[in-house]
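None of these values were measured; they are calculated from a predicted model. All chains are named by letter (A, B, ...) in the order of the sequence lines, taking the proteins before the strands, and each is independently numbered beginning at 1.
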Number of protein chains: 2
Amino acid sequence: MANQLDSFFSAIADPTRRAVIERLTRGPAPVSELHAPHDMALPTFLKHLKVLETAGLTRSVKKGRVRTVHIETEPLAQAEHWLTTQRKLWEGRLDRLSALAERLEKGGDA
Amino acid sequence: MANQLDSFFSAIADPTRRAVIERLTRGPAPVSELHAPHDMALPTFLKHLKVLETAGLTRSVKKGRVRTVHIETEPLAQAEHWLTTQRKLWEGRLDRLSALAERLEKGGDA
DNA sequence: GAGTTGGTTAGCCATGTGGCTAGGTAATGT
DNA sequence: ACATTACCTAGCCACATGGCTAACCAACTC
């Protein structure tokens, strides 16, 4: 039961990391550029990047001294799917309940 | 930028709590019933319930000595929306890239 | 009214997380 | 060759998180 949703959701639970993801949807970027808008030390920021990468949300390649990071949407789709499923199950249940209520109202034979 | 997505995502990053949500999509339930399938002490489990409730994923009412918990789908929809947006942005970008590649192939005037 | 049930509070503990500094290495610019 | 850039490693610290036990209260049951 403890699948990759664990690491995925906890990865995007952090605002810094969500911001990185948002940036990466506009295309790949080197570490330094990703770091720039965030007011924290580089090593701290690198930890965030590592979390994203081990959770499978990003990949990166190093060329020379520059590491370029890009996004990986597969996990996004998976998480989306889990959320959708739960919401629809609940909403489906509500639908059945209101249908039942309607039936009871009309032919009140229960 | 640090909205309720923070607490939402970190709430569902835990397998126990996701299991509770999954259970609740089949309808409201009292604390004891929710607790039953989980091999942990009640107080520990109550903490999980509290996390879910403060994150706005559930609500609960106490009647007599029984507290009944039910799900709240609004936050689910919001989180879903964030994920969808990010995925689509990225995929849209890919589309534009491949369209560009195609144009370059045909009338190679760049 | 004594016992049981369902939930709650308080407090302890180990581990995880997010921040820092200091110092290092390898590639590139001058 | 020397300096600078871009990133990485190690190690420290404070606080959050997820687990526990013990003890408690309030509501039913008998």
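B/L24 and B/L46 fall within a single hydrophobic cluster, where Ile, Leu, Val, Met, Phe, Trp and Tyr are joined by side-chain heavy atoms under 4.5 Å apart, directly or via other members. No continuous path of hydrophobic side-chain contacts links B/V66 to B/L49 [ILVMFWY only; heavy atoms under 4.5 Å]. No chain of hydrophobic side-chain contacts below 4.5 Å, direct or via other Ile, Leu, Val, Met, Phe, Trp or Tyr residues, connects A/V31 to A/V51.
Using a 4.0 Å cutoff on non-hydrogen atoms, the parts of residues 56-70 of chain B near DNA chain D are B/G64, B/R65, ordered by number.
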Practice task
Would you mind building the protein contact string for nucleotides 17-24 of chain D? One character per nucleotide, 5' to 3', B for base within reach (heavy atoms under 4.0 Å), S for sugar-phosphate only, - for untouched.
Solution key: -BBBBB--

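The two residues A/L83 and B/E80 come nearest to each other via the heavy atoms CD1-N, 3.6 Å. Taking every heavy atom of both residues into account, A/E53 and A/S60 meet most closely at OE1-OG, 3.0 Å.
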Exercise for the section: In sequence, state the C-alpha distance, the side-chain angles, and the governing distance for A/V20 and A/H48, and then conclude on side-chain contact (heavy atoms from CB on, under 4.5 Å). Expected result: CA-CA 9 Å; A/V20 170; A/H48 286 297; 6.0 Å; no

Exercise for the section: Run the numbers on B/L34 and B/R23 for side-chain contact (heavy atoms from CB on, under 4.5 Å), then give the verdict. Expected result: CA-CA 8 Å; B/L34 291 173; B/R23 165 62 189 81; 3.6 Å; yes

Handout entry: Test side-chain contact (heavy atoms from CB on, under 4.5 Å) applied to A/W82 and B/I21, step by step
Key = CA-CA 11 Å; A/W82 186 85; B/I21 292 298; 4.0 Å; yes

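Summarising the local packing, NE2 of A/H70 is surrounded by more than 12 heavy atoms from other residues, nucleotides or ligands at distances under 6.0 Å.
Rounding to whole angstrom units, CD of residue A/E33 and C1' of D/dA6 are separated by 14 Å.
Along DNA chain C, the stretch of nucleotides lying under 4.0 Å from any heavy atom of chain A spans, 5' to 3', C/dG18 to C/dT28.
Atom OG1 of residue B/T73 and atom CD of residue A/E91 lie 5.0 Å apart, to the nearest 0.5 angstrom.
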